[in-house]
Amino acid sequence: MASCLCRYRRRILFFCSPCILLLPIYIYVSTSLIYVMKHGAPGVPPVLQTHFTASGLKFSGDLAPHPVKAFWRSELNSGAQWNIIQYMTDTQHNPILKPRLAANPPGISYKTERSRRSGNGCSPDYEISNTMPDFFNLPTQMKDFVTSMHCREYPLIIDALDVCDGGPLAKKRAPTLLLAIKTQPADFVNREAIRETWGCSGRIKSRGGRQRLVRRVFLLGKSKDLHIEEKLQLESDTYGDIIQWEFMDTFFNLTLKDVLFWDWFSRRCTHARFIFKGDDDIFVRTPALLDYLLAEEANGFRSNKMEAFVVGDVINSAAPVRSNGSKYYIPESFFKGVYPSYPGGGGVVYSGSLAHRLLEVSQKVHLFPIDDVYLGMCLQRLGVYPIHHPAFLTFDFPKDEPKEPCAYHTILLVHKRSPAEMFQLWTETSMPSSECRNATLRVKTRVEFR
Ligand SMILES: *[C@@H]1O[C@H](CO)[C@@H](O)[C@H](O)[C@H]1NC(C)=O
Ligand SMILES: *[C@@H]1O[C@H](CO)[C@@H](O)[C@H](O)[C@H]1NC(C)=O
Ligand SMILES: *[C@@H]1O[C@H](CO)[C@@H](O)[C@H](O)[C@H]1NC(C)=O
């Protein structure tokens, strides 16, 4: 009997001693778990990093916004017209999702660009008013935009045929820089001033002394004034630098100039190394710009980054303007969200190889009424981050900055300048005084606004 008990005691001891040893650990873990569940984790709460630094071609020191929401959350429920159409376009181009789902997203009966285009061509689509509850309260330019935004194919009225060489020597004789200037039919004086100053076509001596080929085109829509249209035809006969398309030249139609220009470029000036795209009321220091671009190219060729090269006055995490009276007004029923980083449309430079990629990706990005934001949307889809350069003054010199004697010798471009000022600045910067000869490009960055 005694030996039997003894045998059991040994067994009990054998099985239970580890349990007894583990008991305190078990108690500790459960009490801490209960404590954490009741009071939250002790110590410092986790800090959400609000910025990360994106790598451009060159470290620019700028901060890009940290994504606020999960990137996979669809905007489908937001009820904003652009977001819905873009969602459908994205699904259509997504090889993983079923095409059936793309064709009939749950609970939506909107037409996409393609289906509408095949339906009623490029005539205005007034049915859109059924899907935007506040359509009849929108400003006229917004109404005009949404009724015609399914169309981006407009024929040329005037073409610039001889700006770039075609044929076997096209590559060899390609311009280093092609200036593509947005202008309206009535702005004859601006175009004339640009031709005689910073937009001079031909071999331009960069400040480093090298000769580089620069070419120029003006991008226009049409005007209602027949007299102006006639004068424009004469202007084209004289200079051959006019490209005009069959759409009304209005502010909200500016994006058409981008997408149609990319198409023109891919056919008529394929080999240009850089494209400057900007307004007709700015001043550009073209020789200095050439120097800057050639230096960037020398750096970029080694790392093969030219096809992601775009530089300008980069605006980060701007939100749509929601005040009814503004020229930039975008209603919530049209677009929700924050704009991607984009270079201000006053003047931006990108590589020719990037322009070809932009043409391609733009087929998958629904038209947006503000042209520089649209460029930002396309760049985002390409995963290209625009380089910010403080010498692109698309918002002029900061108001509170003291005027320095050589200020204009430190910039690449400045907005806004009249034709008379263009002549004066061109003379001044082409023949710098000895004191300004050594001026270098500015590095001061403005404080963000808009
Ligand atoms: C915009 O303002 C006008 C008057 O200033 C008003 O009639 C209209 O309803 C407003 N539209 C929206 C969408 O708020
Ligand atoms: C853009 O041009 C088209 C074609 O001329 C026109 O129907 C439409 O109203 C214009 N859009 C804007 C916003 O002016
Ligand atoms: C400009 O630079 C050159 C050489 O880099 C120098 O010899 C000259 O003194 C400088 N001029 C001024 C005004 O700083």
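Counting starts at 1 for both ligands and their atoms, in listed order.
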(Q) In this structure, is the centre-to-centre distance between the rings of Trp82 and Phe335 below 6.0 Å? (A) yes
Q: Flag the pair Phe274 / Phe309 as yes when their ring centroid distance falls below 6.0 Å, and as no otherwise.
A: yes
Q.
Using a 3.5 Å distance criterion without hydrogens, assess whether the side chain of Arg216 forms a donor-acceptor pair with backbone atoms of Leu179.
A. no
Q.
When you measure from the side chain of Arg322 to the backbone of Ile330, do you find a donor-acceptor pair of N or O atoms at a distance under 3.5 Å?
A.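 Yes; at least one donor-acceptor contact below 3.5 Å.
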Q) What residue among Arg417, His415, Lys416 forms side chain to side chain donor-acceptor pair (under 3.5 Å) with Asp396? A) Arg417
At less than 4.0 angstrom from any non-hydrogen atom of [X], what atoms of ligand 2 do you find?
| X | result |
| --- | --- |
| Phe247 | 2 (O), 4 (C), 5 (O) |
| Gln141 | 13 (C) |
| Phe252 | 13 (C) |

Q.
Tell me the protein heavy atom at minimum distance from atom 5 (O) of ligand 2, and give that distance in Å.
A. Met248 N, 3.0 Å
Q | Residue and atom name of the nearest protein heavy atom (relative to atom 9 (O) of ligand 2), distance in Å to one decimal | A |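 Residue, atom and distance for the closest contact: Asp144 CB, 3.6 Å.
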Q. Which part of Phe251 is near ligand 2, with near meaning a heavy atom under 4.0 Å away: side chain, backbone, both or neither?
A.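 Answer for Phe251: neither.
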Within-cut-off N or O pair, [X] and ligand 2, under 3.5 Å:
| X | answer |
| --- | --- |
| Asn253 | yes |
| Phe145 | no |
| Thr250 | yes |

**Q.** Donor on one side chain, acceptor on other, Asp291 and Ser206, under 3.5 Å
**A.** yes
Q) Would Arg285 and Thr429 satisfy side chain to side chain donor-acceptor pair (under 3.5 Å), going step by step from the backbone distance to the final call? A) CA-CA 8 Å; Arg285 217 154 58 94; Thr429 55; 5.8 Å; no
Q.
Just to check, does Ser148 reach to within less than 4.0 Å of ligand 2 when the distance is taken from its heavy atoms?
A. yes
